[in-house]
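Structure first, then comments.
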2 protein chains.
Amino acid sequence: MLSKKCQYAIHALIYLTEKHEKECTTIVEIADAKSIPHKFLEVILLDLKNAGVLGSKKGKGGGYYMIKHADQIRIIDVIRLIDGAVAMLPCVSLNFYESCGLCENEKKCSINKLFKEVRDATLKILSNNTIGDLARIHRS
Amino acid sequence: MLSKKCQYAIHALIYLTEKHEKECTTIVEIADAKSIPHKFLEVILLDLKNAGVLGSKKGKGGGYYMIKHADQIRIIDVIRLIDGAVAMLPCVSLNFYESCGLCENEKKCSINKLFKEVRDATLKILSNNTIGDLARIHRS
DNA sequence: ATATTTGTCTATAGATTTAGTAGATTTTCA
DNA sequence: TGAAAATCTACTAAATCTATAGACAAATAT
């Protein structure tokens, strides 16, 4: 399961994409629109900023804005950024690999093989879809 | 990520399948063979028993044995039994559905739609593979 | 300059889940 | 009866999740 944090991140990014781009939107506006606790959203938007996805401006008229184009933000990237590994087992994760510590030979392990299949199927979908795609469907 | 508990469950079932079927195997034997903490394995095997996957016999010469054929135990069933939902969002789960509480109309929600795709791809693989399949590959 | 608005940083806290442990009890077999 | 094994009850420690509080820094308007 994706964490609440990650779900909030996706919703916030879609909201920012659907708004006029290049304009600043405050944390409170997004929080109210999407019913996200705003102190929690604060942390999330900061993470997205530190990852280079969003930019921000302080003071009056400030807020957050998209720094990357929505079509360049893949869903898989948001998940990895907020939640970490996408794979169902540590030993099949591309970005957060760890040995499972249970099988003797990972290359011959049937469990490993099966969950690599699952990983690849999941990755195929989540890396071919962007925040832009989701926002477009949303609008129509 | 699958929990350790679920990984242990899969390994234990494969171990039981690879052993001579119909014979009793003690918790301690499985725990030692697969390096699983045996008090933890105790809980796991009991869950599998209560779900009708394993049978048990108490006393001397007792232990656990397969009650279902390994080819009838789908990996998806083990995961659902031990970890619960397989889906990445509550609103796309078939067996553990809950509303996400974030979108107005689930049927029009693009996020919902995307993660249903992921769910279906995952389910396709995990319901077409059984403990028997994993044990067979293991052996060869 | 100063007040206001807005993001940033530090710190904390409650709830839940994960991963496991301890010890008494029951059943079965020899 | 005694030993071996599962079963049951009841914990616990640590991590993670989901937040919240409050001080601080920067930008803007007046």
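A quick note: this is a predicted structure, and the numbers were derived from the prediction, not measured. Basis for what follows: all heavy atoms, side chains included, without hydrogens, waters or symmetry-related copies.
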I'd like to know if the side chain of Asn129(A) and the backbone of Ile125(A) have a donor-acceptor N/O pair within less than 3.5 Å.
yes
First of Gly61(B) and Asp83(B) reached from the 5' end of DNA chain C, by closest nucleotide:
Asp83(B)
Does a side-chain N or O from Lys57(B) land closer than 4.0 Å to OP1 or OP2 of dC29(C), or not?
yes
Leu54(A) CG to dT8(C) C1': how many Å, rounded?
15 Å
If you measure from the Lys or Arg side-chain nitrogens to the Asp or Glu carboxylate oxygens, is any gap between Asp71(B) and Arg136(B) under 4.0 Å?
yes
If you check every side-chain atom of Pro37(B), which of dT28(D), dT21(C), dT7(D) has the closest atom?
dT21(C)
Separation of dT7(D) C1' from Lys58(B) NZ (nearest whole Å):
5 Å
Choosing from dT18(D), dG20(C), dA4(D), which nucleotide comes nearest the side chain of Tyr8(B)?
dG20(C)
For Gly62(B) and for Glu42(A), locate the closest nucleotide of DNA chain D by heavy-atom distance; then report the residue assigned to the nucleotide nearer the 5' terminus.
Gly62(B)
Heavy-atom neighbours of Lys113(B) NZ exceed 12 at 6.0 Å:
no
Mind calculating the distance between CG (Leu41(B)) and C1' (dA5(D)) to the nearest angstrom?
14 Å
Please give, in whole Å, the distance from dG7(C) P to Asn50(A) CG?
15 Å
Counting only side-chain heavy atoms from C-beta out, which of dA25(D), dA6(D), dG20(C) sits nearest to Ile27(B)?
dA6(D)
Integer-rounded Å distance: dA6(D) P and Ile44(B) CD1
14 Å
Under a 3.5 Å threshold, yes or no: a donor from one side chain and an acceptor from the other, between Lys116(B) and Asn112(B)?
yes
Among dC29(C), dT18(D), dT7(D), the nucleotide that comes nearest once only the side chain of Phe40(A) is considered:
dT18(D)
Starting at the 5' end of DNA chain C, which residue's closest nucleotide do you reach first, Leu2(B) or Ser56(A)?
Ser56(A)
Taking Arg74(A)'s backbone N and O only, do any of them form a donor-acceptor pair with Thr130(A)'s side chain (distance below 3.5 Å, no angle check)?
no
Whole Å only: how far is the NZ atom of Lys60(B) from the C1' atom of dT28(C)?
11 Å
With distance as the sole criterion, do the side chain of Lys39(A) and the base of dG22(D) form a donor-acceptor contact below 3.5 Å?
yes
Tell me: NZ of Lys4(B) to P of dT16(D), nearest whole Å?
13 Å
Take atom CG of Leu46(A) and atom C1' of dT10(C), then tell me their distance rounded to the nearest Å.
12 Å
